[in-house]
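Scroll down for the structure; my scribbles are underneath it.
Side chains are part of it too, since the values below use all heavy atoms of this structure and drop only hydrogens, waters and symmetry mates. Note that the structure is a prediction, hence the values are computed from the model and not measured.
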Amino acid sequence: MSNDALSPTAPTPREAAAALDLATRSTAATAGIGHRWVQSLLLAWAAMTITVVLLVGLGGMPGIITGSLIGPLFAGTVAIWAARQGIRARSLNGRYLLAVLLWAVLYGAALTLGLPGQAGDLGYWLAAALATALPMLAAALWPRREEQVR
């Protein structure tokens, strides 16, 4: 037997609408927080990339050693920081993966092509540093889907 009558504890339509509105605003605020920290991560990654590529290409053996140490230290720091954030914007999942894959290809290509014959060539290493950082910059600065609709 069904009882279609509202229970005495059921919210009024106005209360239900207010609860839904609060949930919508809370979801948007949480997504914004998740997007901002990932955006900060990607911008830091781009800056680290530019620094490391220039160090490796222009700094001789000391630059190669220093650049080789910065990468793992950065990755470890980022892994710990990311684990402590607790939230991540779902809208960045595919964008983040694509940026990391493109970064890895460009970074590997820049070093593979540059180290044998371009050591010390400021023009090559500056272009390589900027090109290598481009996927992270694009992923960080490209508007979220929610922002594109508005």
> Distance from Leu113 atom CG to Tyr124 atom OH, nearest 0.5 Å?
Replying inline: 4.5 Å
>> Is it true that Trp103 and Thr132 share a donor-acceptor pair across their side chains at a distance under 3.5 Å?
In response: no
> Rounded to the nearest 0.5 Å, how far does OH of Tyr107 lie from OG1 of Thr112?
Replying inline: 10.0 Å
> What closest approach, in Å, do Ala128 and Ala110 show between heavy atoms, and which atom pair accounts for it?
Replying inline: CB-CB, 3.8 Å
> Just one of Leu111, Ile64, Ile70, Thr66 clears the side-chain contact (heavy atoms from CB on, under 4.5 Å) bar with Val52, so which one?
Replying inline: Ile70
> To the nearest 0.5 Å, what is the distance between CE (Met48) and CG (Leu43)?
Replying inline: 12.5 Å
>> Working to the nearest 0.5 angstrom, can you tell me the gap between Ile50 CD1 and Trp45 CH2?
In response: 14.0 Å
> Among Val53, Leu122, Leu126, Asp121, whose side-chain contact (heavy atoms from CB on, under 4.5 Å) with Leu58 holds?
Replying inline: Leu122
>> For a quick test of reading the model, state the closest non-hydrogen atom pair linking Thr49 to Ala133 and the distance between them.
In response: CG2-N, 3.9 Å
> Are Leu115 and Leu130 co-members of a hydrophobic cluster defined by side-chain heavy atoms under 4.5 Å apart?
Replying inline: yes
>> Within the 4.5 Å heavy-atom criterion, are Met136 and Val100 side-chain neighbours or not?
In response: yes
>> Are Leu98 and Leu106 connected into the same hydrophobic cluster when the rule is that any two of I, L, V, M, F, W, Y join if their side-chain heavy atoms are below 4.5 Å apart?
In response: no
> Do you know the tightest heavy-atom contact between Trp125 and Gln118?
Replying inline: NE1-O, 2.7 Å
> What distance separates Leu69 CG from Leu55 CG, expressed to the nearest 0.5 Å?
Replying inline: 10.5 Å
